[in-house]
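Below is one structure, written out as structure tokens; the observations come after it.
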Amino acid sequence: PAELNIQEKLTPFSTVQSQVLNQHCVSCHQSSRNPIDLTSRQAILRRPGLVKPGAPEESKIYLVVRDGQMPPTGPLTDNSAALIYDWILG
């Protein structure tokens, strides 16, 4: 699918995964606990609307972070949100 063609020039997914998702998201967002699985790049890209490659402002994962809706423990740092934004922007 076209959604799997996301580029990783600005921020590789491994950085987003290790510095943001593993620390703030996957304790709740994993396939065994939640229908929104953030444990892998493939799982994220399979979920319609979660990431629109090249368009962070149209990607649910970025919007909920930017708007402070997630994580429920409190907003991410600007740096963590920027990592997600840059990864989606490609």
Side-chain angles (χ1 to χ4, degrees):
E3 285 193 359
L4 296 179
N5 291 329
I6 192 167
Q7 299 296 311
E8 295 194 4
K9 294 176 185 167
L10 296 176
T11 302
F13 180 73
S14 60
T15 301
V16 174
Q17 185 174 35
S18 65
Q19 294 185 21
V20 182
L21 301 179
N22 287 349
Q23 293 179 29
H24 302 285
C25 307
V26 297
S27 62
C28 295
H29 290 284
Q30 51 186 295
S31 60
S32 63
R33 296 188 59 189
N34 192 306
I36 299 174
D37 183 355
L38 302 180
T39 58
S40 72
R41 179 180 181 273
Q42 295 300 77
I44 291 169
L45 295 175
R46 275 195 304 263
R47 182 82 179 181
L50 199 54
V51 169
K52 182 175 181 185
E57 299 288 339
E58 298 176 37
S59 300
K60 182 78 170 171
I61 192 172
Y62 175 70
L63 295 176
V64 298
V65 165
R66 181 199 67 190
D67 296 343
Q69 297 171 352
M70 286 287 156
T73 56
L76 293 180
T77 64
D78 289 345
N79 183 57
S80 292
L83 287 173
I84 294 170
Y85 183 95
D86 289 346
W87 172 64
I88 296 168
L89 187 62

### Message
Measuring only between side-chain heavy atoms, which start at C-beta, is Trp87 closer than 4.5 Å to Arg41?
### Response
yes
### Query
side-chain contact (heavy atoms from CB on, under 4.5 Å) with Asp78: which residues, sequence neighbours excluded?
none
### Message
So, taking the atom named OG in Ser27 and the one named CG in Asn34, what distance separates them when rounded to the nearest 0.5 Å?
### Response
10.0 Å
### Message
Determine whether Val65 and Val20 satisfy the following criterion, side-chain contact (heavy atoms from CB on, under 4.5 Å), listing intermediate values before the conclusion.
### Response
CA-CA 11 Å; Val65 165; Val20 182; over 6 Å; no
### Message
Restricting to side-chain contact (heavy atoms from CB on, under 4.5 Å), what partner residues turn up for Pro56, sequence neighbours left out?
### Response
Tyr62, Tyr85, Ile88, Leu89
### Task
Please collect all salt bridge (charged side-chain N to carboxylate O under 4.0 Å, His left out) contacts where either partner lies in residues 54-76, sequence neighbours excluded, each pair once.
Lys52-Glu58, Glu57-Arg66
### Query
If we only count heavy atoms from C-beta on, is the Leu38 to Ile61 side-chain gap below 4.5 Å?
yes
### Residues in side-chain contact (heavy atoms from CB on, under 4.5 Å) contact with Thr39, at least two apart in sequence or another chain
Val26, Gln30, Asp37
### Where at least one partner belongs to residues 23-51, residue pairs that pass ring pair (Phe, Tyr, Trp, His ring centres under 6.0 Å), sequence neighbours excluded
none
### Partners passing side-chain hydrogen bond (donor to acceptor under 3.5 Å, both in side chains) against Thr77 (at least two apart in sequence or in another chain)
Ser80
### Message
Once side-chain contact (heavy atoms from CB on, under 4.5 Å) is applied, do any residues pair with Thr15, and if so which ones, sequence neighbours excluded?
### Response
Thr11, Pro12, Gln19, Leu83
### Task
For residues Arg47 and Pro35, determine if any side-chain heavy atom of one lies less than 4.5 Å from a side-chain heavy atom of the other.
yes
#### Entry: Interatomic distance, Cys25 atom SG to Ile84 atom CD1 [nearest 0.5 angstrom]
6.0 Å
### Message
With rounding to the nearest 0.5 angstrom, report the CD1 to CE distance, Ile36 to Met70.
### Response
7.5 Å
